[in-house]
Q: 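Let me begin by handing over the structure; questions about it come next.
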Amino acid sequence: MSRREAIKTTAVALAALATGPVGYGATPNSSPDGPFKLMELPFAVDALEPYMDSQTVLVHHGKHHATYVANLNKAVANEQSLIGKSLEDLLRDLNSVPEKVRTAVRNHGGGVYNHNVFWLQLKKNPGGKPIGELAKAIESTFGSYDNFKDQLSKAAVGVFGSGWGWLTVDANKNLRIEATSNQDSPISQGRTPLLAIDVWEHAYYLKYQNRRADFVNALFDIINWDYVSEQYRKLL
Ligand code: MN
């Protein structure tokens, strides 16, 4: 296998992790472990030091992300109509989710999905920038990488309370910067997330305390632009 093929295979496998039916196939919803699984981190817990500290990674993934998985599994446990649906299926069409569990699926399912996107895009990469088609699209949409970084940072830092800043791709394949509250996900609005910035305090408080802007700025040094750029290329 060539290096390019190996990279592609890895990217496809990671994409499946982020978006596919993670453990949600023929398994009945009543399986003791539940149909959804916590993804494994694609890096060592200390791999993002000093930008993101090990303790934050451990708690964020092992407690917060894991709790969203557990609560999503509880929400769908007795819903026969949801058997076999992927997390993407559920979030893309929340109206198809029975009303009595819809809010739980929106909150906890969004929590699972958003964090999957988040972890998969991270890798220590100081000064890294988008490549290929994504680099071109960012330049034509936002004028320059610096303008893009500035706009996305402002959107993320400006979230009131808990939420996310995003770079997404809309149905017309245009890039968009947006923000969501709580665990709402752009996928529920018909957009595909490319880059996720978690601005819940749990994402940064241990290291950055109240300095959300410093955390967001540091995050730009741990974005795996090769991976993110490849996700964009696959959408074209
Ligand atoms: Mn989080």
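Hydrogens, waters and symmetry mates play no part in the numbers below; they use all other heavy atoms, side chains included. Indexing begins at 1, ligand by ligand and atom by atom, following the structure's order.
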Q: Could you label the plane-to-plane angle of the Phe220 and Phe148 rings as parallel, tilted or perpendicular, counting under 30° as parallel and over 60° as perpendicular?
A: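 The arrangement is perpendicular - the two ring planes meet at more than 60°.
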
Q: Are Lys136 and Glu139 within salt-bridge range, i.e. N to O under 4.0 Å?
A: no

Q: Can you list everything that forms a ring pair (Phe, Tyr, Trp, His ring centres under 6.0 Å) with His115? Sequence neighbours excluded, please.
A: His60, His65, Tyr68, Trp164, His202

Q: Sequence neighbours excluded, which residues qualify as ring pair (Phe, Tyr, Trp, His ring centres under 6.0 Å) partners of Tyr232?
A: none

Q: Excluding waters, which protein N, O or S atoms are within less than 2.8 Å of the Mn ion (ligand 1)?
A: His60 NE2, His115 NE2, Asp198 OD2, His202 NE2

Q: Got a sec, which residues hit side chain to side chain donor-acceptor pair (under 3.5 Å) with Asp150, two or more places apart in sequence or on another chain?
A: Lys154

Q: In plain terms, say whether Glu178 and Arg191 are close enough for a salt bridge, that is, a side-chain N and a carboxylate O under 4.0 Å apart.
A: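 Salt bridge: yes.
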
